[in-house]
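Letters go in sequence order (proteins before strands), and every chain restarts at 1.
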Amino acid sequence: MNILVCISNVPDTTSKINFIENDSKFDSNGVQYIINPNDEFGLTKAVWMKESNAANVTVLTVGDQSAETILRKCLAIGADKAVRIDCDANDAYSVAKEIEAHCQSINYDLIICGRESIDYNGGLVPGLIAGLLNYNFVTNCVSLEITDSKATCAREISGGTEISECEIPLVIGSQKGLVEESDLIIPNMRGIMMARQKPLEVLEAKNISAKTSDKKFHKPEAKSEVKLVKPDELDKLIDLLENEAKVI
Amino acid sequence: MGVLVYIESEENKYKKTAYEALSYGKALADKMGVKVSGLVFNCSDTDSLKKYGADKIITIDNSDFEKFSSKKYSHALAEVIKSENSSVVILSSSADSKFLGAHLSGITDSSYVSNVVGIPESISPFVVKRTCFTNKAFSSTEMIDGLRIISVSSNSFGMIESFNDSTVESFSPEKVNSNQRTIKIEKETGSITIADADIVVSAGRGLKGPENWEMIESLADTLGAATACSKPVSDMGWRPHSEHVGQTGKPVSSNLYIAIGISGAIQHLAGINSSKVKVVINSDPEAPFFKAADYGVVGDAFEVIPELIEKLKDRK
Ligand SMILES: Cc1cc2nc3c(=O)[nH]c(=O)nc-3n(C[C@H](O)[C@H](O)[C@H](O)COP(=O)(O)OP(=O)(O)OC[C@H]3O[C@@H](n4cnc5c(N)ncnc54)[C@H](O)[C@@H]3O)c2cc1C
Ligand SMILES: Nc1ncnc2c1ncn2[C@@H]1O[C@H](COP(=O)(O)O)[C@@H](O)[C@H]1O
């Protein structure tokens, strides 16, 4: 089985969020980049499927050269091959179109994306890929079993889980639950050494134009000081919530 | 030209987020000078939609659409978009809506922006405001010409009543073949879910152990709130994973978020930044959460919570 895991290179959550060029661009200066957490759950699942489903795992990112560091990490975690499509990731649409084009030349049985990225948080790319390729699609995926060509998936829904069945090819949006945090693979020395021998292919982009563009970023207005209420004056708290904030 | 709103329902009842999406659609249609239609799957109540300003209600009554299917629903929507000549589609931010939105955008080759928090700043060019970087920033995002899909962040716009004597029309979409089928839906019964809740009561490691959650549940009951927790609490199995909020858990965008015995780590705040009003109850005045809070009580949860419950009950 051929699995593609789409990896988004994102700033660590603890990074300072700042903007440059008249607030039109994210300031990546001094920012540490990580594998998008939702993608890492998916990658771990894919690595497990190398054994259970005799799978071949390719990781792919659409981005510039700086994204190769995390691709190497994915190889050290256990992916067999990495692909970078060489262009700036401008919006979800153009990224999905680049991935679609790649998937036209290589048939993947399973495409794993994260449910959403933690930078733009759109949750758009996986659904777009599925829609463009006309593949089956399950997002917020918390369990996945593939036997022959049939997939059984669980999806987190509001207040519960929905279990469905479908044929592959399939696109999933992975999240915690698909594997647990304690299952995440920390690359060891051997993995890191082996990763150096594994192929990292750089593909030319189709340079598809974006459909959306960030014109200006801004940060939320500074919060006004917290209003403290003494523990023996809880009536005051209730008053504030009722009459000032009007939320109860 | 026109605005089309996907009206989400469950068991013949509309979700609150659907009224919010319709209110947004109505305001946008007014700003663009066009009409707004609502698309409803298998729900017979049309009266309550008139309250939120729909010019037209399009109903699809068909057992094929009984259960949500991203593929079937998005193909049906694509057909309605064509026949209505819609230029903007509005969705909520529910799990199903976001699932559907991305799929629809792929099928219709349209532009799509999610987590939108306000009516477009301008129509030409079409610029919407959305959250990004786990709610640590906003972006004014331009969407190019052509069909546009917007999903509105929960509780960001609100429900705005404006009566309209809507016309009702039924629609029969073509059958879409899909080998994908739902086998089973498992739902926790009785409790309010985090995604649907106006108020969320959340507790962390400060509660010391799972046996102390009774008071958290009781506070939630008193307020009609959903319960949530920090990551270590779900990792240790004190509470189910579905309650874990934050960067690696669920996002919360409720009107009121009450955090009890949670320190306010950045990964936790990442999930709750878009909640409107935050109340923090923590015994440590130095807890970082106070910096992100609107109201705070420095005190012992084991004393404050029971008393707060009493006082709330007295008021009723
Ligand atoms: C990659 C990564 C991702 C993460 N993702 C998440 C996430 O999604 N969600 C999340 O929540 N965390 C996440 N974390 C963990 C996060 O960094 C914190 O460790 C966690 O949020 C702390 O949980 P807590 O506030 O319940 O516990 P603690 O930090 O232990 O805080 C307990 C608090 O309770 C207070 N307290 C103690 N006794 C009382 C009392 N009697 N009355 C009142 N208050 C009391 C203390 O003063 C303290 O502030 C993540 C961490 C990493 C590294
Ligand atoms: N530039 C990219 N390259 C490869 N995959 C991506 C890229 N951006 C997003 N994805 C995938 O799509 C998922 C959802 O991203 P988003 O739509 O940005 O929230 C991510 O978790 C990744 O799996």
Side-chain angles (χ1 to χ4, degrees), chain A residues 11 13-14 17 19 37 92-93 96 118-132 136-137 139-140 152 156-167 176-177 181 211-220 223 226-231 234-235 237-238 240-241 245 247-248, chain B residues 70 94-96 98-99 101-107 111-115 127 132-134 136-144 179-188 193 195-196 223 241 247-248 255-256 266-267 270 277 290 292-299 303-304 307-308 311-312 315:
Chain A
T13 0
T14 53
I17 304 292
F19 302 101
Y93 178 81
I118 60 166
D119 50 359
Y120 295 104
N121 307 108
L124 311 183
V125 172
L128 275 162
I129 299 174
L132 292 166
N136 284 321
F137 176 42
T139 193
N140 295 18
T152 309
E156 190 174 89
I157 54 173
S158 177
T161 357
E162 174 196 272
I163 300 168
S164 65
E165 250 177 27
C166 67
E167 296 289 316
K176 180 178 141 181
E181 229 136 335
K211 281 193 187 282
T212 62
S213 55
D214 295 300
K215 288 295 165 206
K216 207 173 180 70
F217 291 101
H218 63 102
K219 291 202 258 184
K223 231 181 153 46
V226 55
K227 279 193 189 163
L228 288 180
V229 176
K230 295 206 177 72
L234 292 175
D235 276 317
L237 178 67
I238 299 173
L240 287 167
L241 294 177
V247 286
I248 56 171
Chain B
S70 169
S94 71
D96 283 355
K98 284 183 86 174
F99 186 9
H103 215 161
L104 178 65
S105 150
I107 291 170
S111 61
Y112 176 25
V113 176
S114 58
N115 301 326
V127 180
C132 53
F133 296 98
T134 47
K136 282 186 274 187
F138 297 102
S139 157
S140 294
T141 306
E142 182 176 340
M143 305 174 79
I144 66 159
N179 58 40
Q180 197 165 13
R181 54 187 195 95
T182 304
I183 306 174
K184 189 160 71 175
I185 292 178
E186 290 161 355
K187 281 221 171 191
E188 298 135 30
T193 64
D196 297 332
L223 289 165
H241 279 308
Q247 178 204 312
T248 45
N255 276 329
L256 173 60
I266 193 152
Q267 297 91 353
V277 176
F290 283 116
D294 300 282
Y295 303 101
V297 180
V298 178
E303 287 163 19
V304 173
E307 198 179 322
L308 187 59
K311 291 206 184 300
L312 282 165
R315 294 226 174 183

**Student:** Heavy atoms only, distances under 4.5 angstrom: which of A:Gly177, A:Cys166, A:Gly160 has the most pairs with chain B? Name it, please.
**Tutor:**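 Highest number of heavy-atom pairs under 4.5 Å: A:Cys166.
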**Student:** For the interface with chain B, which of A:Thr139, A:Ile157, A:Ile238 has the highest count of heavy-atom pairs at distances below 4.5 Å?
**Tutor:**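 With the most close heavy-atom pairs to chain B, the winner is A:Ile238.
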**Student:** To the nearest 0.5 Å, tell me how far A:Glu162 CD sits from B:Phe99 CZ.
**Tutor:**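 CZ of B:Phe99 is found 7.0 Å from CD of A:Glu162.
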**Student:** Tell me, side chain or backbone of A:Ala245 under 4.5 Å from chain B's heavy atoms, or both, or neither?
**Tutor:**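 Its backbone and side chain both get close to chain B.
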**Student:** Would you say the side-chain atoms of B:Glu142 and A:Ser213 include a donor-acceptor pair closer than 3.5 Å?
**Tutor:**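 Absent: no donor and acceptor within the cut-off.
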**Student:** Between A:Asp235 and B:Lys311, is there a salt bridge with N-O shorter than 4.0 Å?
**Tutor:**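 Answer for the salt bridge query: yes.
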**Student:** If we ignore angles and hydrogens, is there a donor and acceptor under 3.5 Å between the side chains of A:Ser158 and B:Thr193?
**Tutor:**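 Looking only at side-chain atoms, B:Thr193 and A:Ser158 do form a donor-acceptor pair, the distance falling under 3.5 Å.
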**Student:** Answer with side chain, backbone, both or neither: which region of A:Leu237 has an atom nearer than 4.5 Å to a non-hydrogen atom of chain B?
**Tutor:**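 The side chain, not the backbone.
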**Student:** Which bit of A:Pro11 comes within less than 4.5 Å of chain B, counting heavy atoms only: side chain, backbone, both or neither?
**Tutor:**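 A:Pro11 touches chain B through side-chain heavy atoms alone.
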**Student:** Any donor and acceptor pair, going by atom type alone, linking the side chain of A:Lys216 with main-chain N or O of B:Phe138 inside 3.5 Å?
**Tutor:**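 Answer holds: no.
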**Student:** So for A:Pro37, is it side chain, backbone, both, or neither that comes closer than 4.5 Å to the heavy atoms of chain B?
**Tutor:**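 Contact with chain B is through the side chain of A:Pro37 alone.
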**Student:** Would you find a donor on one side and an acceptor on the other, under 3.5 Å apart, between the side chain of B:Thr141 and the backbone of A:Asp214?
**Tutor:**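 Not a single qualifying donor-acceptor pair exists.
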**Student:** Test side-chain contact (heavy atoms from CB on, under 4.5 Å) on B:Cys132 and A:Phe217 and set out the steps.
**Tutor:** CA-CA 9 Å; B:Cys132 53; A:Phe217 291 101; 3.8 Å; yes
**Student:** Please check: side-chain N/O of A:Lys230 versus main-chain N/O of B:Val297, any donor-acceptor pairing under 3.5 Å?
**Tutor:**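 Judged by distance alone, no pair lies under 3.5 Å.
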**Student:** Chain B heavy atoms under 4.5 Å from A:Leu241: which part of the residue, side chain, backbone, both or neither?
**Tutor:**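 Looking at A:Leu241, just its side chain touches chain B.
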